[in-house]
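Data first, discussion second: the structure below is written as structure tokens.
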Amino acid sequence: MSDVSRRKFITRGLAAAAGLSGLAVADRLAARYGLVPPDSGGVYGPGETLTYGVQRLLTRHSRAREFSRSQISAQPFANEISPPSAAFMRLQAGAFREWKLSIDGLVGHPASLSLGDVKRFPLHRQITEVVCEEGWSYVAEWIGTPLSEALNVAGLLPQAHYVVYSSLDRDTWESIDIDDAMHPQTLLTYAMNDSDLPVPFGGPLRLRVPRQLGYKSVKFLTHMTVTDNLKNVGKGLGSAAAEDGYAWYAGI
Ligand SMILES: Nc1nc2c(c(=O)[nH]1)N[C@H]1C(S)=C(S)[C@@H](COP(=O)(O)O)O[C@H]1N2
Ligand SMILES: [Mo]
């Protein structure tokens, strides 16, 4: 089967199973095609699996909405963050020259990238919305490089299925699947609205995942690990938000 007809086939199967025989069948079908989110066994049941499975099949190549320059929010709202740690303030005092993003796990060439290294990758700008699960949002221009550039240099191994990532002080951590990691809008961001990324917005480096809710866009990004599964990461639900009862897959 071609990729498209296979996709249609599985999507129809999932929808039919959900409609006719209940969500449990859809759940089994999704499992067969590797479409089960890591938090499906937790507070979320087959419904959550169906959302992720159908979204994945229908929207693998879709793009988050991009806005025009005139729609950029005059006063973007920075969510509260923990006070900067001693480690952060030391790096800040050195103008973040020693900031490092490590990429390890299922890659051929583990990397430790400085901001200078990240800035040497092709520059990409996009005007997208940050949407918090608490109900507010704002539009800003984000400037950086697609995460795929860095992952291609690190060289994903064939078993790579998820990218787990966290902040300097590990105040939060998240993971996305390889489709989202390689998506052209998933950006290693170091500037916003034409200035260096301000600290309250995650400077000096933040992952922007505009196809998902704000909590996937982790600020103060320092660590990325490529894995084949999430069972041994934290409680096995795939992210700090999922451990707090939110959905691991937070598509918008
Ligand atoms: N390191 C870190 N990243 C984070 C958070 C955080 O507390 N720490 N909050 C997340 C949440 S819940 C949201 S909604 C967005 C908010 O982004 P903003 O401050 O740019 O509005 O950042 C996300 N990234
Ligand atoms: Mo949020």
Side-chain angles (χ1 to χ4, degrees), residues 37 39 43-44 64-67 71-92 96 98-103 113 115 118 124-144 147 162-176 180-181 183 185-225 233-235 237-252:
D39 57 353
V43 269
Y44 295 93
R65 179 173 173 201
E66 297 201 20
F67 296 77
Q71 289 170 299
I72 292 175
S73 304
Q75 288 179 319
F77 177 78
N79 207 0
E80 200 185 329
I81 41 166
S82 338
S85 64
F88 186 89
M89 287 193 291
R90 248 191 327 271
L91 289 161
Q92 191 173 28
F96 298 122
E98 303 299 318
W99 192 273
K100 285 281 158 52
L101 168 64
S102 61
I103 303 180
L113 306 173
L115 294 174
V118 174
H124 183 86
R125 309 169 167 263
Q126 66 194 15
I127 303 174
T128 56
E129 195 172 24
V130 171
V131 182
C132 175
E133 77 291 353
E134 288 169 14
W136 46 266
S137 67
Y138 67 89
V139 172
E141 182 173 36
W142 302 92
I143 300 145
L147 174 59
Y162 302 99
V163 177
V164 184
Y165 50 100
S166 59
S167 61
L168 176 71
D169 301 317
R170 298 188 192 261
D171 70 319
T172 189
W173 64 280
E174 285 291 331
S175 66
I176 48 178
D180 259 327
H183 190 277
Q185 289 177 311
T186 299
L187 224 60
L188 288 171
T189 308
Y190 47 76
M192 176 188 176
N193 295 340
D194 285 324
S195 75
D196 284 348
L197 185 58
V199 170
F201 291 94
L205 190 65
R206 177 179 193 178
L207 189 69
R208 276 287 291 134
V209 185
R211 299 200 306 163
Q212 295 200 46
L213 285 175
Y215 56 76
K216 304 302 272 194
S217 291
V218 168
K219 304 173 179 184
F220 324 122
L221 183 72
T222 50
H223 291 89
M224 292 200 146
T225 299
V233 188
K235 296 179 185 161
L237 300 179
S239 80
E243 292 182 0
D244 282 343
Y246 294 102
W248 168 80
Y249 183 71
I252 48 177

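Whatever order the structure lists them in is the order used to number ligands and atoms, beginning at 1. Heads up: numbering here begins at 1 and tracks the sequence.
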Ligand-side contact atoms (ligand 1) for residue partner [X], heavy atom cut-off under 4.0 Å:
| X | answer |
| --- | --- |
| W136 | 16 (C), 21 (O) |
| V218 | 3 (N), 24 (N) |
| T172 | 1 (N), 2 (C), 3 (N), 8 (N) |
| S217 | 22 (O), 23 (C), 24 (N) |
| F220 | 1 (N) |
| S167 | 1 (N) |
| C132 | 14 (S) |

- How about atom 9 (N) of ligand 1: does it have a protein heavy atom within less than 4.0 Å? no
Flag the pair [X] / [Y] as yes when at least one side-chain heavy-atom distance between them is below 4.5 Å, and no otherwise.
| X | Y | value |
| --- | --- | --- |
| P204 | F88 | yes |
| E174 | Q212 | no |
| P76 | M192 | yes |

Please list the nearest protein heavy atom to [atom] with its residue and the distance rounded to 0.1 Å.
| atom | value |
| --- | --- |
| atom 23 (C) of ligand 1 | G214 O, 3.3 Å |
| atom 19 (O) of ligand 1 | K219 NZ, 2.5 Å |
| atom 1 (N) of ligand 1 | D171 OD1, 3.0 Å |
| atom 21 (O) of ligand 1 | F77 O, 2.7 Å |
| atom 20 (O) of ligand 1 | Y138 OH, 2.5 Å |

- Roughly how far, to the nearest 0.5 Å, is the CD1 atom of I81 from the CZ atom of F220? 3.5 Å
- Item | Presence of salt bridge, D194 and R125, under 4.0 angstrom | yes
- Task: Please work out whether the ring planes of Y138 and W142 are parallel, tilted or perpendicular, with thresholds of 30° and 60°.
- Result: tilted
- Query: Between Y162 and W248, what is the ring plane arrangement, given parallel below 30°, perpendicular above 60°, and tilted in between?
  - Reply: perpendicular
- Query: Is there a donor-acceptor contact under 3.5 Å linking the side chains of R208 and T189?
  - Reply: no
- Item | F201 ring center near F77 ring center (under 6.0 Å) | no
- Item | Shortest heavy-atom approach to atom 15 (C) of ligand 1 - which of E80, R206, E133, E174 | R206
